[in-house]
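Below you'll find the structure, written out as structure tokens, and then a few comments.
Predicted, not measured: the structure shown is a model, and the values here were computed from it.
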Amino acid sequence: MELPKAYDHSQVEDKIYQTWLDSGYFNPDKLPDAEKREPFTIIMPPPNVTGTLHIGHALFATIQDILTRYQRMQGKRALWLPGTDHAAIATQSKVEAELYKKEKKTRFDFQREEFLKMVEDFAQTSHDTIIGQLKRLGASADWSREAYTLDEPRTLAVRTAFKAMYDDGIIYRGARIVNWDPKLKTTVSDDEIEYKEQADPFYYFKYGPFVIGTVRPETKFGDKYVVMHPDDKRYEQYKHGQKIELEWINGPLTATVIKDEAADMAMGTGVMTITPAHSAIDFEIAKRHGLDIEQVIDDRGCLLPIAGEFAGQHIKKARPLIIEKLKNKGLIEKVDEKYVHNLATNSRGGGIIEPQIKEQWFIDVNREFAIKHSEIAGIAAGQMVTLKQLMRHVVSEGLIKIIPEHFEKIYFHWIDNLRDWCISRQIWYGHRIPVWYRTAPSSTSEGRTQERLQQIYCGVEAPKEDGWQQDSDTLDTWFSSGLWTFSTLGWPDKQAKDLQAFHPTDVMETGYDILFFWVARMILMTTYHIGQIPFKTVYLHGLVRDKDRQKMSKSKGNVIDPLGVIDTYGTDALRFALIFSTAAGNDIPLAEEKIKGMKHFANKLWNISRFVMTNLAESGIKNQEFSLEAKTEADKEILAKLETTIKSATKNLDTFNLHEAAQEIYQFTWREFADVYLEASKTQLADEKLKANTQAILKHSLIQILKLLHPFMPFITEYIWQLMKEQNLLEKNDLIIISSWPK
RNA sequence: GGGCAUUUAGCUCAGCUGGUUAGAGCGUUGCAUUCACAUUGCAAAGGUCGCAGGUUCGAAUCCUGCAAUGCCCACCA
């Protein structure tokens, strides 16, 4: 058989992937002797259905596939369960942006159902693209178990989870100051806020005898409390509760002095007025002293009647007019033109956050409850715990290991500062909150009738009787993602076969950027709902950057498109380049030259194999056993190095040092086996006394190399394996994907 | 303001719990090559391991301080 001199990945990869699919081995139940194998589970972090995969997805797919293939070869019942995420707010805002670009319409120009259909179509298309891409990356995931965060089984899980937490008092409804995005008209959680630096004028206003500073004059209409530190000597003569008459934007006003330690003496004049309805800190102060709280800005970002002549205007337009008026009234002390401050924006859509007081749903992280069931070491069933304590416990006790370790400190720090989690969103795409309200007419003191809330019902199904209206809000996407490790395995059916067999899972592999959003929430949900840890190890990878460590972005033009490089260099080359110098938690610089270098390596492996196969086939030596006796120095050397490489690579794979394993195998293959032994073998093969033994060593080494490389470069290794099989060079008639890991 | 990390060859980075001459990829220079592979081989140049102290028989590795860079959190009324 004539083998081409160069390896052509484009002729190989699709066919090999189909071979694997046909074998059924991605499904752990279909592995040989499945029932005898120990389970190994990775649940795939579901990519958002917001478009196509980028190079970062290629990284996660590569790492998880390496771990899965390695464990499968180690004889485990390896399950890598794939899925996608509806990503509520991200997906909806993407569709809304497109809609506005194309037709100048917003979602409010459509019926809820009509709009949702559009989002679903977009999500479906994205989904199909993404799954196709994952397959091209060689992902050996079990597609028969694929899940979606918004499909029926997951919806049941979400509703069941919500109800359980509601009944426990962990989920509550309350009016709190929340992050309101006037652009998308929804709340967002603290974690989704992104601060952007911006320079704005900073104004100093005369407020009676005081000078106050602000960048936001438009919030100041209702400011009738003036706050200073109780120890501030400059304002000793003013007493707490003292009333002061003064002239303000829209006329005279009675201000009340409040002494509170929240006022920073070193900041500006040490005096501030407060706007409790639109500032979290001011809200706290107001609550502490029982002050009035008046809304100044509405949900769209427009001023309310309290603003007098400015009512109805958008804050952006009103600001200069308000300044103008204050200037005319002589109330401006001075202006600092380029004051740099951080502006809160919604990272999922870009609106500028306006804090508002809203009736929202929250998860209480500090409330004590009796845990119903616990398999967590150190926590007994019935014990009183809080969600915070549970989240801390499983990591501090080492039940969950985070790699790299220093992220554990960051995790603890986050938990210690954690506040209640706002889980309701005013968008349409997502899990609707499983709560229904019934109202009844009642008369007011003025004799008018109005609808008054009478009953609240929380349940998995809607109530049977008429007259119930479901809460119009949807859930934060991370609520459903938090259930992911067990909702994908059959929960809420606690007897589900998969849940019994594969939970707790082994590894959660994801980016460090979603440690809080997601990893922490999975720990919260899993410990609460099923009294187990969700996973034993959290492996955090870094961000893929370009060769200058710059973030990849379309606007910079430095994006590496995974499918493009796969076409040019092959999946194996991309995978090996991604993993080659990647320590956990570190960002990964990736240049195209590196991928090219790994294509060279694939070709090297091809030619090594070609040499070995040719020399075995031509001599007529086929499927026979040879002794691996080391007859020469070269023999001795290569067998010894092979053994240490296997031992070390195995250890590094077990401890998640994937890049080191990759480097060792690469070094051995090229520098030891190809450069040294293959050269030595040429003379040994010519010597009749050494020939058979040399052939045995060549064959043995090649088989071991293919196995070692298979998790990293699955396509080419499987392809060569099949060629060897055709030439009767292998004992067993199987695929390398289920061959046994070298020992 | 609080925290976490990084600093090693021209560039991008490895170097696990301290132990011979500090490694890889790319790049550079020279030579070779019909014999598995030019997607090659052999060889070479190139590092006071950020700086200053300390611990130790021994430090790129551990400790302290400093500097630079990056990230996260909080937040400026």
Quiz item: Does any N or O donor sit under 3.5 Å from an N or O acceptor when you compare the side chain of A:Lys604 with the base of B:C37?
Solution: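 Result: at least one qualifying N/O pair found.
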Whole-angstrom distance between [N] and [M], as gauged at atom [atom1]:
| N | M | atom1 | result |
| --- | --- | --- | --- |
| B:G41 | B:G50 | P | 32 Å |
| B:U64 | B:G70 | C1' | 23 Å |
| B:A5 | B:A22 | C1' | 23 Å |
| B:G27 | B:U12 | C1' | 11 Å |
| B:U8 | B:G47 | P | 15 Å |
| B:A24 | B:C31 | P | 23 Å |
| B:A68 | B:G23 | C1' | 26 Å |
| B:C35 | B:U20 | P | 42 Å |

Of the options [options], whose atoms approach the side-chain atoms of [X] most closely?
| X | options | result |
| --- | --- | --- |
| A:Leu678 | B:A36, B:C42, B:C37 | B:A36 |
| A:Gln667 | B:C37, B:G41, B:A24 | B:A24 |
| A:Trp670 | B:G25, B:C16, B:U40 | B:U40 |
| A:Ala6 | B:C4, B:U39, B:C75 | B:U39 |
| A:His659 | B:C37, B:A14, B:G41 | B:A14 |
| A:Asp675 | B:C42, B:C73, B:C26 | B:C42 |
| A:His406 | B:G15, B:A36, B:A5 | B:A5 |
| A:Arg671 | B:C4, B:C42, B:U39 | B:C42 |
| A:Ile281 | B:C76, B:A5, B:A36 | B:C76 |
| A:Asn607 | B:G15, B:C37, B:U39 | B:C37 |

Practice problem: Round to the nearest Å and state the distance from A:Phe601 atom CZ to B:C26 atom P. | Solution: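 So the two atoms are 12 Å apart, to the nearest Å.
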Quiz item: Taking the inter-plane angle between the rings of A:Trp606 and A:Tyr7 on a 0 to 90° scale, is it parallel (under 30°), tilted (30 to 60°) or perpendicular (over 60°)?
Solution: tilted
Quiz item: Is it the case that A:Arg392 places NZ or CZ above or below the six-membered ring of A:Phe412, under 6.0 angstrom from the centre and within 45 degrees of the axis?
Solution: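 Yes, A:Arg392 lies over the aromatic ring of A:Phe412.
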Exercise. Answer yes or no: does a side-chain N or O of A:Lys596 lie under 4.0 Å from OP1 or OP2 of B:G25?
Key: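 Checking B:G25 against A:Lys596, no side-chain N or O comes under 4.0 Å of OP1 or OP2.
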Exercise. May I ask which nucleotide in the shown strands pairs with B:C4, Watson-Crick or G-U wobble, both distances under 3.5 Å?
Key: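 Across all strands, the one nucleotide that pairs with B:C4 is B:G70.
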Polar contact flag, side-chain donor to acceptor under 3.5 angstrom, [X]-[Y]:
| X | Y | answer |
| --- | --- | --- |
| A:Asn652 | A:Glu664 | yes |
| A:Ser189 | A:Glu192 | yes |
| A:His229 | A:Glu261 | no |
| A:Trp421 | A:Asp476 | yes |

